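Residue numbering restarts at 1 for every chain, and letters A, B, ... go by the order of the sequence lines. Note that the structure is a prediction, hence the values are computed from the model and not measured.
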Amino acid sequence: MSLEKVKGIIIEQLGLEESMEIKRETSLMGDLEADSLDAVEIIMAIEDEFGIEIPDEAAEGFKNIGDIVDYVENNK
Amino acid sequence: MNYIKSVGIVGTGRALPDKIVTNKDLEQKVDTTDEWIRSRTGIGSRRVADENTATSDLATEAAKKALEDAGISVDEIDTIIVATVTPDMAFPSTACIVQKNLGADRAFAFDIGAACSGFVYALSVAENLIKGNMAKNALVIGAETLSKIINWEDRNTCVLFGDGAGAVVVKEVEEGYGIQGITLGSNGAKGEVLRQPAGGSRIPASIESVQNKLHFIAMDGNEVFKFAVRVMGQSSLETIKKSGLDLEDVDFFIPHQANIRIIDAAAKRLKLPKEKVYVNLHKYGNLSAASIPVALDEAVKEGKLQKGDNMVLVAFGGGLTWGSAVVKWSKEV
């Protein structure tokens, strides 16, 4: 549920093809070539979508999409 | 019944140091690349004042141009307000130094500190001094020499800032024109994300404060980015509504020129077409309080504004502070 929404946000923010394969293991900066500000914008969009706040310290610990989804699940 | 004046901007001017420092030049100083700086910030070069030039020197030059543009003589100036985080010294204020330089003996002069939002704050103060009959003609200046408080060994901040000054003359204008509304805001609780730690009464200048590099700009970039993108949209919408307008009625946006990624993200949230948003940060970097008045002067001189155009000026900065103004341009082109 959260994974699908997070995937949608990432695809929109990075302007990727809808068909782009994004899994829990996918890394934003490693696999999708996002830079640090893309990552901040994605975090902001996720904060807005789920009505949560993701502090910088938490965001810096995210290694892949799965980490983001788990954080959202645990904090929404 | 009290008559409420319409107050607007009747002249603009800018001053920028001659020396240009490009991204390539910075590649020689710190571990960075032109491509990295451009893609993360949109900045291509910045102006840097020489060692003999202080903030008041740039402010004075910009002020003379604005006065000439407005057709107002120095004797007619009632007040001089300078917005800056890089004053010549703690006191006298930079505004008083500008007064001396201009010979504007009739004016009362003072600085205000609202960091990068300072120009919008100063514009609001000038508007209300005029509406309150404390002044007829106000000189409002945003001026900075940020190069003097940048750590040139810190690649995260030294690429971002530049030096310059912009000035405007504010006075009563034709009814219905000029400033339609201004919104100001602050969040001191988040102030630590953008600051110059030492040099005041908390940490006075000492050998230790200099050795520990506490006189330089310190910034938490990600937090500032998030704050800036959100507040620019929110503040703009609030002021547009307060002015009795809709977003579609706005012809021109001059956002604080800190980072193209912030401007693009904020514009995307507001669904603004790119041609309505003025950008000059590729040439100058972040000029803090000077950013908006320099951009306004350029936009005016480039013929981007017609009489009757609704313009939004929106800024955010250290404090944290933010502010936006809606101005119906009152000058014939």
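Taking a 6.0 Å sphere around CD of A:Glu25, one finds it holds more than 12 heavy atoms contributed by other residues, nucleotides or ligands. Counting heavy atoms of neighbouring residues, nucleotides and ligands inside a 6.0 Å radius, atom CD of B:Glu153 does not exceed 12 of them. When the shell of 6.0 Å around CD of A:Glu17 is examined, it contains 12 or fewer heavy atoms from other residues, nucleotides or ligands.
A donor-acceptor contact under 3.5 angstrom links the side chains of B:Ser147 and B:Asp163, judged on distance only.
Side-chain atoms of B:Asp246 do not come within 3.5 Å of backbone N or O of B:Asp249 as any donor-acceptor pair.
Residue-level contacts of residues 53-71 of chain A with chain B, in order of numbering, are A:Ile54, A:Asp56; threshold 4.5 Å between heavy atoms.
Using a 30° and 60° split on the angle between ring planes, B:Tyr278 and B:Phe252 fall in the tilted class, from 30° to 60°.
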